[in-house]
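Worksheet: the structure to be examined is printed underneath.
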Amino acid sequence: FVSPRKLEDDPVLIPADIWSGFVDWKSSSVEGNGLKIVAVRVVPFHWLEQAVTERSQDIKSNKNAGRPNSRSILIIKAYDALVAESAIDYSLKFTVLTDQIRLWVANNSPEHPDLYKELKYNTIYKVLKDVFQEDKKNKSLKN
């Protein structure tokens with residue numbers, strides 16, 4: 001880690017020219033060319049490749065981390081309500097469901113009176129496609 005080390009710092013690969021400076025194995029630090037590296041660990045190169053691969057997978061899996069937007073929450077709420085009412089016909093096209101979602105939002109969200117107009121097919125599809133497909137598959141297995 002580059003000194004002074006911060007909590008959010010990631011380990012760094014030490015440039016070759018730094019090794020020609022002062023190496024202190026007791027304190028696990030290397031100093032040279034005006035740069036000080038602390039908490040030095042010498043590891044096989046394939047460990048670094050593995051760590052980079054794992055980190056990039058973590059980043060990809062957390063791509064959608066964070067608070068979902070209010071439209072997504074409302075779409076899911078509408079879908080759950082329609083499922084509870086048994087109002088979804090899984091034999092029909094997804095466009096029928098998008099119309100049902102818009103109608104539910106128009107009737108049940110007075111705090112967003114015009115939001116139903118902004119809910120496009122693609123938006124609803126992105127939010128519900130996996131859940132809808134899973135429910136459709138489960139429904140067909142029951143029949």
Side-chain angles (χ1 to χ4, degrees), residues 1-21 23 25 27-143:
F1 300 93
V2 176
S3 181
R5 182 177 174 189
K6 297 177 193 94
L7 184 62
E8 66 273 2
D9 287 348
D10 288 327
V12 294
L13 187 62
I14 300 174
D17 63 323
I18 302 292
W19 288 104
S20 62
V23 178
W25 291 111
S27 68
S28 300
S29 65
V30 180
E31 196 170 348
N33 292 337
L35 189 61
K36 183 174 182 180
I37 309 289
V38 296
V40 173
R41 303 289 183 265
V42 179
V43 297
F45 188 72
H46 70 274
W47 286 12
L48 295 175
E49 290 176 325
Q50 182 180 357
V52 168
T53 302
E54 289 171 0
R55 181 156 171 81
S56 66
Q57 288 172 346
D58 288 345
I59 290 169
K60 287 177 186 174
S61 69
N62 289 332
K63 181 180 168 188
N64 294 326
R67 190 175 140 241
N69 69 37
S70 59
R71 288 182 184 179
S72 297
I73 293 169
L74 200 54
I75 290 169
I76 292 167
K77 187 176 177 181
Y79 180 79
D80 289 344
L82 292 169
V83 168
E85 296 169 8
S86 298
I88 298 174
D89 184 350
Y90 293 98
S91 65
L92 299 176
K93 293 185 177 186
F94 194 84
T95 52
V96 174
L97 177 62
T98 59
D99 292 338
Q100 289 177 297
I101 296 285
R102 284 189 199 103
L103 183 61
W104 189 94
V105 169
N107 293 331
N108 295 286
S109 60
E111 66 278 5
H112 306 289
D114 294 327
L115 180 63
Y116 74 96
K117 296 175 190 173
E118 299 172 20
L119 293 177
K120 306 294 182 210
Y121 173 87
N122 288 340
T123 305
I124 297 170
Y125 184 76
K126 284 179 188 176
V127 173
L128 294 178
K129 67 179 176 182
D130 295 332
V131 175
F132 180 78
Q133 291 299 328
E134 187 68 27
D135 288 352
K136 184 176 182 176
K137 185 173 79 172
N138 290 339
K139 188 80 166 174
S140 69
L141 291 175
K142 288 179 184 178
N143 294 335

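The number of heavy-atom neighbours closer than 6.0 Å to CZ of F132, taken from other residues, nucleotides and ligands shown, is above 12.
Rounding to the nearest 0.5 Å gives a distance of 9.0 Å between NZ of K120 and CZ of R71. Expressed to the nearest 0.5 Å, how far OG1 of T95 lies from OH of Y121 amounts to 6.5 Å. To the nearest 0.5 Å, atoms CD1 (I124) and CZ (F94) are separated by 7.0 Å. In this structure, CG in D135 is found 9.5 Å from CG in L128, a value given to the nearest 0.5 Å. We find the CH2-CG distance between W104 and L74 to be 6.0 Å, quoted to the nearest 0.5 Å. Atoms CG and CG, on L103 and L119 in that order, are 12.0 Å from each other to the nearest 0.5 Å.
Shown here for V105 and A78, the closest heavy-atom pair between the two residues is CG2-CB, 4.3 Å. Pairing each heavy atom of V127 with each of S72, the nearest pair is CG2-OG, 3.6 Å.
Using a 4.5 Å cut-off on side-chain heavy atoms (C-beta onward), L92 and L97 make no contact.
For the pair Q100 (side chain) and L82 (backbone), a donor-acceptor distance under 3.5 Å is absent.
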Legend entry - D80 and K77: CA distance, side-chain angles, deciding distance, salt bridge (charged side-chain N to carboxylate O under 4.0 Å, His left out) verdict: CA-CA 5 Å; D80 289 344; K77 187 176 177 181; over 6 Å; no
Inset, instruction - Begin from the C-alpha positions of Y79 and I101 and carry the test side chain to side chain contact (heavy atoms under 4.5 Å, CB included) through to its verdict. - result: CA-CA 7 Å; Y79 180 79; I101 296 285; 4.0 Å; yes
